[in-house]
Visitor: 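Okay, here's the structure, questions in a sec.
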Amino acid sequence: MLRFHGAWRITVVGTSADFDQRAVVRGAYGLRVLPGRVGATIVVDEESWTLFLEHHLWGRTWRPNLRTTPGPVTEHDGLRSRLLTSNDRHWPGKPLGYVNFVLRLEQSLGAPGSEVPLPWPSPPLPPSPGERGRAGR
């Protein structure tokens, strides 16, 4: 579980999983689900909210992913950005650092050095060529 504050856009930028993936947002206004399809996007704008990454094991319920690793926060052209990588399960012989679900989180900023969010740029930004992945099942 990761905790966030304020308005963020979440975009699925990569998946290479055998199981369906999803991102689950829990906040004061309820639960929202982002399907694990490359290009799927959701905007969350709440004072405080949490993010969970999950996978759907065949014939079972949704389960939390084994490992979620937040990348460094970067700021460029008025956007604060961070990649989250995740591994759903560990299998014998599979490297522990294996990544099969990748999200990009972006927060629009005000003037340089300001923490005041601005409205989202329109239209939403497509994934950069280095962040593209194949669609999962």
Visitor: Working note: Leu84 + Leu2, criterion side-chain contact (heavy atoms from CB on, under 4.5 Å); need CA distance, chi angles, decisive distance, verdict.
Guide: CA-CA 10 Å; Leu84 294 180; Leu2 299 168; 3.7 Å; yes
Visitor: What heavy-atom pair brings Leu51 and Ala23 nearest, and what distance separates the two atoms?
Guide: CD1-CB, 3.9 Å
Visitor: Run the side-chain contact (heavy atoms from CB on, under 4.5 Å) test on Thr85 and Thr68 for me, step by step, so that the C-alpha distance in whole Å, both residues' side-chain angles and the decisive distance to 0.1 Å come before the verdict.
Guide: CA-CA 6 Å; Thr85 59; Thr68 299; over 6 Å; no
Visitor: Could you name each residue pair satisfying ring-ring contact (aromatic ring centres under 6.0 Å, His included) that touches residues 65-89, not counting sequence neighbours?
Guide: none
Visitor: Identify whether Tyr98 and Leu66 are in the same connected component of the hydrophobic contact network (ILVMFWY, side-chain heavy atoms under 4.5 Å).
Guide: no
Visitor: CG of Asp20 to CD of Glu54: how many Å apart, nearest 0.5 Å?
Guide: 12.0 Å
Visitor: Looking at every non-hydrogen atom in both residues, tell me the closest pair between Ala40 and Pro35 and how far apart they are.
Guide: CB-O, 3.5 Å
Visitor: Are Thr74 and Arg82 linked by a side-chain donor-acceptor pair shorter than 3.5 Å?
Guide: no
Visitor: Determine, step by step, whether Thr11 and Leu103 satisfy the side-chain contact (heavy atoms from CB on, under 4.5 Å) criterion, reporting the C-alpha distance in whole Å, the side-chain angles of both residues, the deciding distance to 0.1 Å, and the verdict.
Guide: CA-CA 6 Å; Thr11 304; Leu103 302 176; over 6 Å; no
Visitor: Drop me the distance from Phe19's CZ to Arg63's CZ, to the nearest 0.5 angstrom.
Guide: 11.5 Å
Visitor: Among all residues two or more places apart in sequence or in another chain, which pass the ring-ring contact (aromatic ring centres under 6.0 Å, His included) test with Phe4?
Guide: Trp8, Trp49
Visitor: Might you point out which heavy atoms bring His5 and Gln107 nearest each other, and give the distance in Å?
Guide: O-NE2, 3.6 Å
Visitor: In the single-linkage hydrophobic clustering (I, L, V, M, F, W, Y; side-chain heavy atoms under 4.5 Å), do Val44 and Met1 co-cluster?
Guide: no
Visitor: Would you sort out whether Leu53 and Val24 count as a side-chain contact (heavy atoms from CB on, under 4.5 Å), showing the intermediate values?
Guide: CA-CA 6 Å; Leu53 304 185; Val24 178; over 6 Å; no
Visitor: Which pair of non-hydrogen atoms, one from Ala17 and one from Asp88, has the smallest distance, and what is that distance?
Guide: CB-OD2, 3.9 Å
Visitor: Does Asn65 have any side chain to side chain donor-acceptor pair (under 3.5 Å) partners at least two apart in sequence or in another chain, and if so, which?
Guide: Gln21, His55, Ser86
Visitor: Indicate, with yes or no, if Phe52 and Leu34 share a hydrophobic cluster defined by side-chain heavy-atom contacts under 4.5 Å among Ile, Leu, Val, Met, Phe, Trp and Tyr.
Guide: no
Visitor: Step by step, work out the salt bridge (charged side-chain N to carboxylate O under 4.0 Å, His left out) result for Glu46 and Arg32.
Guide: CA-CA 12 Å; Glu46 295 194 31; Arg32 283 169 278 173; 2.3 Å; yes
Visitor: On a heavy-atom basis, which atom in Arg89 and which in Asn87 lie closest, and how many Å separate them?
Guide: O-OD1, 2.9 Å
Visitor: Just by modelled atom types, is the Gly39 backbone N or O under 3.5 Å from a matching donor or acceptor in the Thr41 side chain?
Guide: yes
Visitor: May I ask you to decide if Leu83's main-chain N or O and Arg104's side chain share a donor-acceptor pair within less than 3.5 Å?
Guide: no
Visitor: Drop me the distance from Asp18's CG to His56's NE2, to the nearest 0.5 angstrom.
Guide: 14.5 Å
